Amino acid sequence: MKKKLFTALLAAVSTAALAQVTPYGWRGPQHSGYYPDKGLLDQWPATGPQLVFETNDAGKGYSSPVVVGDRIFLTGMNDDQTQEVLNCYDLKGKKLYTAAYGNPWQQSYPETRTTPAIMDGKVYVISGMGEIVCLNAADGKILWKVDGGTKYERKTGNWGTSECPLVYDDKVIYTPCGDQTTMVALNRHTGEEVWKTRPLGEKSGYVSPIMIEYKGKRQIVGSTSLNAFGVNPETGEIQWTFDNWGPRYTGKQSRWENIAPNSALYSDGKIFFCHGYDINGFQLKLADDLNAVSVTWRTETLDTHHGGYVLVGGKIYGSNWINNNDGAWCCIDWETGQTDYEEKWTGGAGKGSVIAADDKLFIYDERRGFVGLVNANPEKFDVVSKFRVEQGSGPYWAHMHINKGILYLRHGEYFAAYKIR
């Protein structure tokens, strides 16, 4: 009976999303890192916000949780590190089930990366080896599975597939890259191929694509290791590509190929990408027909490693890359690309990931686990409160999630929730 009620709830909360992108997935409802919660605390106690729950059974991983109704979905590794698994929790942190779904990347950093996307009672994930999997949200049963890495002869860099699925209408998107195709759309009900783009012959980035809308038209925006690109979501036509970034733009050779790990930001016909390793950032302006882009500005200040960035009040906030262990927090004007500030987070913290809600920034230091509440103030890096996560293992690479006044975070196998309203 409970399972039937839960399935009905999932179907109900996702009905509004059936003709658009599901709001339940990577980096919030718009996949932009901005969450709709209001009335959040302006300051936290010295020890941090009130703990709602904590558990050490999430399995190793760098992926984020997603909350749908009274359930939380989070991927991780099984105990012997041989399978990626989907964990389902209730809102008190009790695990309801664990379901194995796919094979992890076998080389450097094999832990799970894929944040689930949930739509119409189904959960969609992509494994480190490029398997696209659809599971029943109520019990974790696999409904269909496609070995996309093998089928589409994917080409990846040193860290395999690190993609969160884009799910919209009746489709789920995967970006294998390589010589056969660049991006594919599968039927989200059956796993059958709907379309595939022409190949660009490149390795994949570590980018989760987003859907944008401009002049009444939609487009998928993604990135390979060398090209940003836009795809018609109905036909799979690549409408534009842009490769004048990183070493191709600067002329500076590096032992690193372009390493693209961050999803784009989008607002009103303009697209922003930036990546670490001195690849730097750039804003593109879409043509009215969505078939071309032009550069509006570039920044050498903000080159986010893999912590994402957010747009709040006409400003881009994120951290930059000085080296793998160090970076500063930055504010960049959306219209001009000018730097408003570039400041270090003192007290032992450094660069990391960022999300936003209620015109506040929530930042997560990737090396020591400091969590900060920051005013979205373009005049200075204004940290109001902070606390430290000391449980768990590995880098603090998972992006946080906010739902109904609760802040969710993970550190490897450790998963916790805090009341911030």
Side-chain angles (χ1 to χ4, degrees), residues 7 10-11 14-26 31 66 68 73 75 83-86 99-103 113-156 160-201 204 207-211 217-222 224 229-239:
T7 302
L10 283 169
S14 62
T15 298
L18 292 177
Q20 57 187 16
V21 179
T22 177
Y24 305 106
W26 169 238
H31 309 291
V66 176
V68 183
F73 299 92
T75 63
Q83 284 282 294
E84 295 188 17
V85 300
L86 175 70
Y101 64 80
N103 295 309
R113 295 89 139 161
T114 187
T115 293
I118 296 90
M119 191 172 188
D120 192 25
K122 300 179 178 68
V123 180
Y124 300 88
V125 291
I126 302 174
S127 76
M129 295 301 289
E131 299 153 301
I132 309 97
V133 189
C134 174
L135 303 95
N136 187 323
D139 57 14
K141 180 181 178 181
I142 292 177
L143 301 177
W144 58 259
K145 181 175 181 178
V146 174
D147 184 358
T150 299
K151 180 176 180 179
Y152 296 107
E153 301 174 320
R154 71 173 183 160
K155 284 187 178 180
T156 74
T161 296
S162 298
E163 184 176 354
C164 307
L166 174 66
V167 180
Y168 67 96
D169 300 345
D170 61 351
K171 303 175 184 68
V172 55
I173 297 300
Y174 167 54
T175 315
C177 293
D179 298 322
Q180 185 184 140
T181 181
T182 298
M183 175 179 282
V184 300
L186 305 181
N187 183 293
R188 70 178 181 88
H189 303 291
T190 66
E192 295 295 316
E193 182 182 301
V194 178
W195 52 251
K196 65 179 182 180
T197 70
R198 64 180 172 87
L200 296 176
S204 62
V207 173
S208 300
I210 65 168
M211 181 81 77
K217 304 180 183 72
R218 296 191 302 176
Q219 189 172 81
I220 299 169
V221 175
T224 68
F229 61 89
V231 172
N232 184 310
E234 278 67 57
T235 67
E237 175 195 1
I238 295 180
Q239 296 179 271

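All values reported here derive from a predicted model rather than from experimental measurement.
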Original post:
Would Glu84 and Ser127 count as having a side-chain donor-acceptor pair, cut-off 3.5 Å?
Top reply: no
Original post:
Do any N or O atoms from the side chain of Asp169 and from the backbone of Lys171 form a donor-acceptor pair under 3.5 angstrom?
Top reply: no
**OP:** For Thr161 and Met129, indicate whether the former's side chain and the latter's backbone hold a donor-acceptor pair under 3.5 Å.
**Re:** no
Original post:
Just by distance, do the side chain of Arg113 and the backbone of Gly128 share a donor-acceptor pair under 3.5 Å?
Top reply: no
Original post:
Does Val172 reach the side chain of Cys134, with side-chain heavy atoms less than 4.5 Å apart?
Top reply: no
**OP:** Output yes when a side-chain donor or acceptor of Thr75 lies under 3.5 Å from a complementary backbone atom of Thr114, and no otherwise.
**Re:** yes
Original post:
Does Tyr152 use its side chain to pair, donor to acceptor, with the backbone of Gly130 at less than 3.5 Å?
Top reply: no
Original post:
So, do Gln180 and Lys196 sit near enough that their side-chain heavy atoms are less than 4.5 Å apart?
Top reply: yes
Original post:
How many angstroms lie between atom CG of Asp179 and atom CD of Glu153, to the nearest 0.5 angstrom?
Top reply: 8.0 Å
**OP:** Locate the shortest heavy-atom distance separating Pro165 from Ala117; write the atom from each residue and the value.
**Re:** O-CB, 3.7 Å
Original post:
Is the shortest heavy-atom distance from the side chain of Ser208 to the side chain of His31 under 4.5 Å?
Top reply: no
Subject >> Side-chain heavy atoms of Asn232 within contact of Trp195, under 4.5 Å >> reply: no
Original post:
Do Trp144 and Asn187 have side-chain heavy atoms sitting under 4.5 Å apart?
Top reply: no
Original post:
Is a donor on one side and an acceptor on the other found under 3.5 Å between the side chain of Ser204 and the backbone of Cys177?
Top reply: no
Subject >> Donor-acceptor contact below 3.5 Å, side chain Glu163 vs main chain Thr175 >> reply: yes
Original post:
With distance as the sole test, does Lys122 use its side chain to make a donor-acceptor pair with the main-chain N or O of His189 at under 3.5 Å?
Top reply: no
Original post:
Is a side-chain N or O of Glu193 found less than 3.5 angstrom from the main chain of Val184, in a donor-acceptor match?
Top reply: no
Original post:
Arg188 versus Thr22: any side-chain heavy-atom pair under 4.5 Å?
Top reply: no
Original post:
What are the two closest heavy atoms between Ile132 and Gly148, and how far apart are they?
Top reply: CD1-CA, 3.7 Å
**OP:** Answer yes or no: is there a side-chain heavy-atom contact under 4.5 Å between Tyr174 and Leu186?
**Re:** no
**OP:** Could you pull out the closest heavy-atom pair between Leu86 and Leu135, with the gap in Å?
**Re:** CD2-CD2, 4.3 Å
**OP:** Using atom types as modelled and distance alone, determine if a side-chain donor or acceptor of Thr181 lies under 3.5 Å from a backbone N or O of Thr197.
**Re:** yes
